[in-house]
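Worksheet: the structure to be examined is printed underneath.
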Amino acid sequence: MDIFLQQVINGLVLGSVYALVALGYTMVYGILELINFAHGEITMVGAMVSLAVVSALAGSGVDMPGVMIVLTGVLTAIPVCMGLGYSIERVAYRPLRHAPRLAPLITAIGISIVLQNAAMLIWGRQYIPFPPVLQITRYDIGGATITNLQIAIIVLSACAMIGLVFLVNKTRLGRAMRATAQSPQVAGLMGVNINSIISATFVIGSGLAAIAGVMVSAYYGLAHYYMGFMLGLKAFSAAVLGGIGNLTGAMLGGLLLGVIESLGAGYIGDLTGGFLGSHYQDVFAFFVLILVLVFRPSGLLGERVVDRA
Amino acid sequence: MSLLEIKDFAVHYGGVKAVKNVNLHVDSGELVCLIGANGAGKTTTLKAICGLVPAAQGTVMFDGAPIAGMATHDIARRGLALVPEGRGIFSRMTVLENLEMGAYARTDRPGIQADLSKVLELFPRLAERRLQKAGTLSGGEQQMLAMGRALMSRPKLLLLDEPSMGLAPILVEKIFETIRNVAAEGVVVLLIEQNAKRALEISQRGYVMESGSITLAGPSSDLLNDPMVRKSYLGA
Ligand SMILES: Nc1ncnc2c1ncn2[C@@H]1O[C@H](COP(=O)(O)OP(=O)(O)OP(=O)(O)O)[C@@H](O)[C@H]1O
Ligand SMILES: [Mg+2]
């Protein structure tokens, strides 16, 4: 078996998910300069909601192909997460728009704790298995294997990202989003309702997070009320790696981080003579984050951050 | 009836009374200028008209409706365009995208296209560079872009905040000429300028602002001959 190729494939799958979540962080940061720490929890809610729908459908014995069941789960999770993202901005961030920067940051952490605990109360503390409704097929490519689920994750993320890039670069809404990110005041002078644009940003980011949440839970076969924490932290690292505020950077950072992490997990045993096992893979994300912060704080594609006095 | 009428207007920054007791009006068909020294409160007045900073007191009537306290985007959609101090172009967007942003609130596609052609004709430099990032333009080109973008909204009233600031003399001349042309086409203009002489020469009426208050107002030709104005602003 070709370990290298295998880990690259696994890394791209993981990286696609990181990229989708990282986009949400970077879009909000680009407009509000706020790190929406509750974004990881939105992903978790997406996973939980879709899993609940999938379990209910699978358990009810309806005659539906597995793919359709999962699709129903996704299509339920997306509007739920969009509504959640919209509400969080309205209730928790908008009133603090002109407050010192630390205030919304602390609120974000607070919201994320509230969501974790709410999820724990609703769905319990245990790991919830994703019902095996999907037929997994394996394909051999050059000594490595790739499953139909992995292919679906990569292709669907790519489609979502292409859709987003199109929206941001080619539509009236996207133009208004970019204008607002560059100067909310001047955008307002052009007749842009900045509050609607900020809401739209949260809604779109949350929709992507919902898709990512379903993907992770289907891929690993389980979901957990605390899963958003680590996923969010890694996606945030990916956004910083790519240059926070930069959409291309978030996608690149996500894929790169996924591959680095996966390769790291594949080789850490050999590298340390068996001292550290692959469960240390989380270390790589944060190692990368630290390296970026030390050597290139603006990220791979970010513009140099001018120090605000 | 005046297109813009400001009464008893005041703006405070915390404890600083930047603008106080200002009365000012701009009528249809007019080009009016507001001159004053650094820190007199000119920019603050314009920002408060557009809702970018809150007014502490007073009323603003625009096109027959009170607009004080309204959101900036609602004021803009009523036909009031501001070319801000420092131009405020979207530097990471192309020239064309900047102009399209000017027409953001409009939905009449054919009209937008027609105005785009007009603006590009008015500023041929912008036409040449329309696919370039706006941040790569020179200062003069950026000023033209900011004005073109404001015109793309087809405004009833155009507020210009020191359009000649930081430009080479030849460009200053070009900007003033453009302002006069725009006004001649029927756009009502309120012009703020440090270059008092040129501003008074192209306008019909003028206001002089000092330490947040209007101290003098009248036909521009009178102000040009006013001894106080000549001494303080025309260097005579
Ligand atoms: N954001 C602010 N916070 C506090 N004070 C301010 C602020 N902006 C302006 N000021 C003060 O308000 C007064 C008026 O400033 P303003 O910018 O309106 O003047 P101006 O006439 O436009 O001057 P200039 O010709 O230099 O542009 C000045 O004393 C200035 O220091
Ligand atoms: Mg000023």
Side-chain angles (χ1 to χ4, degrees), chain A residues 26-27 29-33 89-90 94-95 97-100 165-201 242-250 298-299 301-306 308, chain B residues 43 46-54 70-107 109 112 133-135 142 145-155 157-161:
Chain A
T26 233
M27 284 166 69
Y29 186 86
I31 287 190
L32 289 181
E33 287 182 12
E89 192 273 324
R90 279 308 295 264
R94 191 171 301 183
R97 192 79 56 77
H98 303 287
V165 169
F166 177 82
L167 176 96
V168 169
N169 288 312
K170 299 286 176 211
T171 67
R172 180 169 175 272
L173 171 63
R175 251 199 321 270
M177 287 171 74
R178 283 181 290 141
T180 305
Q182 286 184 51
S183 168
Q185 289 207 338
V186 180
L189 289 173
M190 306 289 117
V192 176
N193 182 344
I194 298 158
N195 282 331
S196 317
I197 297 298
I198 291 171
S199 290
T201 305
I244 191 137
N246 183 310
L247 292 191
T248 320
S298 55
L301 303 182
E303 283 156 44
R304 243 183 33 141
V305 182
V306 183
R308 264 167 261 266
Chain B
T43 297
L46 287 201
K47 280 189 172 172
I49 293 172
C50 296
L52 289 175
V53 295
M70 275 170 69
T72 299
H73 64 94
D74 285 326
I75 295 174
R77 282 162 183 251
R78 285 172 174 269
L80 201 152
L82 166 68
V83 175
E85 194 173 52
R87 301 160 194 135
I89 59 154
F90 301 115
S91 54
R92 279 177 279 154
M93 292 165 81
T94 65
V95 168
L96 197 59
E97 285 177 325
N98 269 273
L99 294 173
E100 283 168 336
M101 278 310 297
Y104 178 80
R106 292 172 62 182
T107 50
R109 286 221 145 268
I112 295 174
K133 290 265 185 295
Q142 292 192 4
L145 178 58
M147 281 175 64
R149 184 179 62 182
L151 291 174
M152 285 299 292
S153 68
R154 211 177 261 192
L157 175 62
L158 182 59
L159 308 178
L160 300 171
D161 195 346

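Numbers restart at 1 for each chain; the letters A, B, ... are given by sequence-line order, proteins then strands.
Residues satisfying the side-chain hydrogen bond (donor to acceptor under 3.5 Å, both in side chains) criterion with Glu85(B), sequence neighbours excluded, are Thr43(B). Remark: Arg172(A) engages no residue in a side-chain hydrogen bond (donor to acceptor under 3.5 Å, both in side chains) (not counting sequence neighbours). For Arg90(A), there are no salt bridge (charged side-chain N to carboxylate O under 4.0 Å, His left out) partners at least two apart in sequence or on another chain.
Leu189(A) CG to Tyr104(B) OH: the interatomic distance, rounded to the nearest 0.5 Å, is 14.0 Å.
The backbone N or O of Arg175(A) sits nowhere less than 3.5 Å from a side-chain atom of Glu97(B) that would complete a donor-acceptor pair.
The shortest non-hydrogen separation linking His73(B) to Val192(A) is CB-O, 3.3 Å. Residue Met101(B) comes nearest to Met190(A) through the heavy atom pair O-CB, 3.5 Å, listed as atom of the first residue, atom of the second, then distance.
Within residues 74-84 of chain B, the residues having any heavy atom closer than 4.5 Å to a heavy atom of chain A are Ala76(B), Arg77(B), Leu82(B), Pro84(B), listed by residue number.
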